[in-house]
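Quick notes on the structure that follows.
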Amino acid sequence: MLLTEKFKEANIILASQSPRRKELLAGLGLQFSTVSLDIDESFDRDQFKKEQITAYLSAKKAKAYSAIQPNDLIITSDTTVWLDDESLEKASNREEAYEMIKKLSGKTHSVYTSVTIRSIEKEVTFSDETQVTFTELSDEEIYFYIDHYKPFDKAGAYGVQEWIGYIGVDNMNGSYFNVMGLPTHKLYKELMKF
């Protein structure tokens, strides 16, 4: 049975306003609606590391959707960039974005994305990791990217599908779509099992 057939009666809700996540979920051929959740995305930096951060926040987002109905299937997600034992989340301004990309320049980092699927009966959270290696980037290249693409809504202050990905990514080990914000290959398998 195909995924589209399995969930044709379900009311799938993507709890995200990310244009990348909408595009990726649509790529699986599913019909869905979107909602925006306003949740506190803080976490204990001593308690959570790597995919523990994204799994915690993804599950927190799923629980925040309180209007769940019997036919609903809620999908939430969270992504972080992990480098040198530090989580790089969203940059709040130009200088923060510069500092993050400068740290990533010439190094390999991990991108962790976790996804939570929740119905009225059950909930499952899973994670994926992709290792991304950046070439050495000049200050001029970094500021060009920040000023033209304004990557303030992205973990690690970059979007792999944008200019910086075209010129800066030397190597990638794992799913490209995971770096964009939704590990579609794993989501497909988990939805088939759900």
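These numbers come from the heavy atoms of this one structure, side chains and all, not from hydrogens, waters or symmetry mates. Residue indices begin at 1 and follow the sequence shown.
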Legend entry - OG on Ser42 to CG on Leu57, rounded to 0.5 Å: 8.0 Å
Legend entry - Partners passing ring-ring contact (aromatic ring centres under 6.0 Å, His included) against Tyr188 (at least two apart in sequence or in another chain): none
Legend entry - Counterpart residues, salt bridge (Lys or Arg N to Asp or Glu O under 4.0 Å), relative to Lys8 (two or more places apart): Glu5
Inset, instruction - Kindly write out the residues that satisfy salt bridge (Lys or Arg N to Asp or Glu O under 4.0 Å) with Asp84, not counting sequence neighbours, or none if the list is empty. - result: Lys107
Inset, instruction - Measure across Ala64 and Ile39 and return the closest heavy-atom pair with its distance rounded to 0.1 Å. - result: CB-CG2, 3.4 Å
Inset, instruction - Examine Ile12 and Phe126 and state if one hydrophobic cluster contains both, with Ile, Leu, Val, Met, Phe, Trp and Tyr joined whenever side-chain heavy atoms are less than 4.5 Å apart. - result: yes
Legend entry - Nearest-0.5 Å distance that lies between atom CG in Leu187 and atom CG in Leu182: 5.5 Å
Legend entry - Check: Ile53 and Tyr112 side chains under 4.5 Å, non-hydrogen atoms: no
Legend entry - For Leu73 against Phe194, the heavy-atom pair lying closest together: CD1-CE2, 3.4 Å
Legend entry - Ion pair Lys103/Glu86, N-O distance below 4.0 Å: yes
Legend entry - Residues forming a side-chain hydrogen bond (donor to acceptor under 3.5 Å, both in side chains) with Asp46, sequence neighbours excluded: none
Inset, instruction - Indicate if Phe7 and Ile120 have the same hydrophobic cluster label, given that clusters are the connected sets of ILVMFWY residues with side-chain heavy-atom separations under 4.5 angstrom. - result: no
Show the atom names and distances, to 0.1 Å, of all donor-acceptor pairs under 3.5 Å that link a side chain in residues 28-35 to residues at least two apart or in another chain.
none

Inset, instruction - Would you check if the side chain of Arg118 reaches a backbone N or O of Ala62 as a donor-acceptor pair within less than 3.5 Å? - result: yes
Legend entry - Approximate separation, where rounding is to 0.5 Å, of Leu104 CG and Thr135 OG1: 12.5 Å
Inset, instruction - Look at the rings of His109 and Tyr158 and say which category their plane angle falls in: under 30° parallel, 30 to 60° tilted, over 60° perpendicular. - result: perpendicular
Inset, instruction - For Ile74 and Ala15, work out which heavy atoms get closest and say how close. - result: CG2-CB, 4.3 Å
Legend entry - Within-4.5 Å side-chain heavy-atom neighbours: Arg20 and Asp153: yes
Inset, instruction - May I ask whether Ile13 and Val115 are part of the same hydrophobic cluster, defined by side-chain heavy atoms of I, L, V, M, F, W, Y residues being less than 4.5 angstrom apart, directly or through others? - result: no
Legend entry - Whether over 12 other heavy atoms sit under 6.0 Å from Glu9 CD: no
Legend entry - Atom NZ of Lys90: over 12 foreign heavy atoms under 6.0 Å: no
Legend entry - Of all pairs that satisfy salt bridge (charged side-chain N to carboxylate O under 4.0 Å, His left out), the ones with a partner from residues 165-189, not counting sequence neighbours: Asp128-Lys186
Inset, instruction - Only counting residues at least two apart or in another chain, list the ones meeting side-chain hydrogen bond (donor to acceptor under 3.5 Å, both in side chains) with Ser92. - result: Glu96
Inset, instruction - Would you give the length of the straight line joining atom OG1 of Thr130 to atom CG of Asn173, rounded to the nearest 0.5 angstrom? - result: 8.0 Å
Inset, instruction - Taking the side chain as every heavy atom from C-beta outward, state whether Glu51 and Thr54 have any atom pair closer than 4.5 Å. - result: yes
Inset, instruction - Could you give me the CA-CA distance, side-chain angles and deciding distance for Val179 and Val169, then say whether side chain to side chain contact (heavy atoms under 4.5 Å, CB included) is met? - result: CA-CA 12 Å; Val179 182; Val169 174; over 6 Å; no
Inset, instruction - State, yes or no, whether a side-chain contact exists between Gln17 and Lys22 at a heavy-atom distance under 4.5 Å. - result: yes
Inset, instruction - Determine which pairs satisfy salt bridge (charged side-chain N to carboxylate O under 4.0 Å, His left out) with at least one residue from residues 132-145, sequence neighbours left out, and list them in order. - result: Lys102-Asp139
Inset, instruction - Would you check, one step at a time, whether the test side chain to side chain donor-acceptor pair (under 3.5 Å) holds for Glu89 with Ser87? - result: CA-CA 6 Å; Glu89 287 110 41; Ser87 174; 2.5 Å; yes
Inset, instruction - Under the side-chain hydrogen bond (donor to acceptor under 3.5 Å, both in side chains) rule, collect the residues that match up with Arg21, sequence neighbours excluded. - result: Ser77, Thr79
Inset, instruction - Starting at OG1 of Thr80, measure out to CD of Glu41 and round the result to the nearest 0.5 Å. - result: 10.5 Å
Legend entry - Pair Ile164-Leu137, side chain to side chain contact (heavy atoms under 4.5 Å, CB included): steps then yes or no: CA-CA 9 Å; Ile164 197 132; Leu137 297 164; 4.0 Å; yes
Legend entry - Side chain to side chain, Asn11 and Gln69, heavy atoms closer than 4.5 Å: no
Legend entry - Partner set under ring-ring contact (aromatic ring centres under 6.0 Å, His included) for Phe177, not counting sequence neighbours: none
Inset, instruction - Look at the side-chain heavy atoms of Ile, Leu, Val, Met, Phe, Trp and Tyr, link any pair under 4.5 Å apart, and say whether Leu191 and Ile68 land in one connected group. - result: no
Legend entry - Pairs meeting criterion ring-ring contact (aromatic ring centres under 6.0 Å, His included) with involvement of residues 59-98, two or more places apart: Tyr98-Tyr143
Inset, instruction - Please lay out, stage by stage, how Val160 and Met172 fare under the test side chain to side chain contact (heavy atoms under 4.5 Å, CB included). - result: CA-CA 11 Å; Val160 71; Met172 190 178 293; 3.7 Å; yes
Inset, instruction - Could you tell me whether Phe43 and Tyr56 have their ring centroids closer than 6.0 angstrom? - result: no
Inset, instruction - Can you run down the salt bridge (charged side-chain N to carboxylate O under 4.0 Å, His left out) pairs that involve residues 69-83, sequence neighbours left out, and say none if there aren't any? - result: Lys61-Asp78
Legend entry - Heavy-atom pair of closest approach, residues Gln131 and Ser110: CG-OG, 3.8 Å
Inset, instruction - Determine the minimum heavy-atom distance between Ala59 and Thr125, stating which atoms define it. - result: CB-OG1, 4.1 Å
Legend entry - Side-chain touch Glu123/Lys63, heavy atoms, less than 4.5 angstrom: yes
Legend entry - Interatomic spacing from NZ in Lys150 to CD in Glu162 - rounded to 0.5 Å: 11.5 Å
Legend entry - Minimum heavy-atom distance Tyr166-Gln161, with the two atoms named: CE1-O, 3.4 Å
Inset, instruction - Look at Glu190 together with Lys122 and state whether they make a salt bridge at an N to O cut-off of under 4.0 Å. - result: no
Inset, instruction - With the side chain counted from C-beta on, respond yes when Phe152 and Ile146 share a heavy-atom pair under 4.5 Å apart, and no when they do not. - result: yes
Legend entry - Side-chain touch Tyr145/Pro151, heavy atoms, less than 4.5 angstrom: yes
Inset, instruction - Mind running side chain to side chain contact (heavy atoms under 4.5 Å, CB included) on Leu3 and Met192 for me, showing each step along the way? - result: CA-CA 6 Å; Leu3 196 62; Met192 288 301 281; 3.6 Å; yes
Legend entry - Same cluster (ILVMFWY, side-chain, under 4.5 Å), Tyr176 and Phe134: yes
